[in-house]
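Report on the following structure.
Bear in mind the structure is a predicted one, so any value in this text is a computation, not a measurement.
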Amino acid sequence: MPNGIGLSATEDTVEQVLTRNYRYTVPDYQRRYSWQEEQWGALWADLNSIRSDSTHFLGSIVLIERSSGLNELNKLEIVDGQQRIATITVLLSLMREKYYELEESGQAEDIENKYLKKQDLDLNEYQNLTLSTFDNPNLEKVIERKYEKMDEGQLREAVQFYASKLDDLDTEELDELRKRLLASVTLVSIRCEGEQSAFRLFETLNDRGMELSSVDLMKNYTFSKAASAPDSEIDYEQVQNDWERLIKTLMPNMSQPSRFFRHYIMSASEPNYDGDVSDYKLYDEYQKIVDSKLPEAGISLNEYVSELADKAELYAKILNHEIDMYDDAGNKAINSKLEDLDIINSVQARTLMLRVFEEYNTANKVMESLLLLESFLMRWKVSSYPTGGELDRIYSRICSEAFEKENSIREVYSVLC
């Protein structure tokens with residue numbers, strides 16, 4: 001596991017960044033492409049305001065070099081900055097399209113061959129930028145000029161935004177825009193020797209004002225801790241693989257992945273957590289768990305992240321009413337009851353559901369618990385009680401106390417009924 005702390009930084013034009021003898025990749029654990037009209041519009045306005053004798057600084061990209069096979073192009077893994085590079089790639093792709101429309105095929109092919117695609121020594125062709133599993137199918141369609149086949153998402157909206165901006169440009173205006181983007185927009189490329197320095201820098205950039213979700217910060221903190229630990233204590237690659245497995249499970253099923261982490265922390269038997277975890281304090285609580293509660297409980301970071309990934313798969317089955325842990329009749333009854341609970345808005349109750357499925361190996365006990373939960377939620381709603389932190393505290397307390405007792409079902413009943 002690389003754990004160097006060195007780094008180098010250079011300010012480069014967009015053209016210099018995209019013509020390096022590398023190809024860029026975004027790992028699956030990174031957040032999805034998420035720029036919206038506000039960011040697209042700001043970039044467009046900046047491009048059109050650059051004077052001939054000036055430059056525009058777009059920001060930084062944090063990179064880790066990854067070796068590839070013999071004769072293959074080495075990769076630069078993007079730890080931070082994928083939003084900028086992906087947007088530039090979309091804009092260049094659409095400029096290429098506009099050049100074809102204006103019957104300027106030479107310029108169109110130049111953009112494709114220099115900035116959108118790369119070849120290795122064996123003439124194998126690659127995308128210059130490859131996004132994560134979730135976003136790359138759409139980016140590939142952009143690069144291959146199959147815009148009409150793109151799925152819904154932010155990349156498709158970016159295409160629509162910039163296509164409308166380019167629509168009325170003539171050749172001279174398009175030439176000027178292309179030159180500004182490639183020669184007058186600059187980025188600071190920060191190359192790190194290893195994961196530890198990359199993730200430390202990522203967090204420093206966030207401290208200085210970058211807006212990141214709590215899940216982004218938790219991922220970074222986890223990888224930073226894993227990268228800085230001796231190989232004998234933590235298997236960094238396993239942490240990375242389990243986190244990727246976790247994200248691949250959550251992304252197709254949840255618009256708010258932080259909700260799973262909140263529910264898991266409140267439900268877990270170890271380390272025990274008695275209290276509610278709001279979105280606001282999720283990252284702080286996660287840091288405390290990693291730094292102190294895991295060592296106190298004798299749980300390694302590898303074990304914890306692996307358990308998170310396993311429970312994410314269970315959480316997705318609860319969300320989709322696809323429990324398959326019992327016999328056919330038991331699974332059918334449980335999944336039907338999960339559908340009923342969804343109808344009465346049982347989102348916060350997933351904290352308790354996670355623990356119930358962990359504790360009970362018979363469908364009958366699970367059904368008994370779900371029926372208690374359904375009855376409780378119906379009475380709670382009829383009484384018009386608030387549904388915020390108070391419910392989280394109730395479920396967290398049950399998970400902390402009830403399952404330590406000999407008759408846990410009775411304990412759950414005593415709280416809910």
Evaluate the ring planes of His263 and Tyr315, with Trp represented by its six-membered ring, and classify them as parallel (under 30°), tilted (30 to 60°) or perpendicular (over 60°). tilted
Is the Trp243 ring parallel, tilted or perpendicular to the Tyr286 ring (thresholds 30°, 60°)?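 If you compare the ring of Trp243 with that of Tyr286, the planes turn out perpendicular.
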Would you call [X]-[Y] a salt bridge at under 4.0 Å N-O?
X	Y	value
Asp274	Arg397	no
Lys288	Glu285	yes
Arg393	Glu390	yes
Asp110	Arg96	no
Asp279	Arg259	no

Testing the 3.5 Å rule here: is there a donor-acceptor pair between the side chains of [X] and [Y]?
X	Y	result
Asp242	Gln238	yes
Glu77	Thr25	no
Asp276	Ser396	no
Ser189	Asp12	yes

- Neighbour count >12 (heavy atoms, 6.0 Å) for atom CD, Glu173: yes
Any non-hydrogen side-chain atom of [X] less than 4.5 Å from a side-chain atom of [Y]?
X	Y	value
Leu91	Trp40	no
Leu63	Tyr22	no
Asp310	Arg245	yes

A cation-pi test, strictly: NZ or CZ of Arg145 under 6.0 Å from the centre of the six-membered ring of Tyr100 and no more than 45 degrees from its axis. Yes or no? yes
Arg32 NZ/CZ over Phe134 ring centroid, <6.0 Å and within 45° of normal:
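The answer is no; the distance or angle limit is not met.
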For this session: Begin with the C-alpha distance, continue with both residues' side-chain angles, and end with the deciding distance and a verdict on side chain to side chain donor-acceptor pair (under 3.5 Å) for Tyr147 and Glu97.
Result: CA-CA 10 Å; Tyr147 308 102; Glu97 204 65 27; 3.3 Å; yes
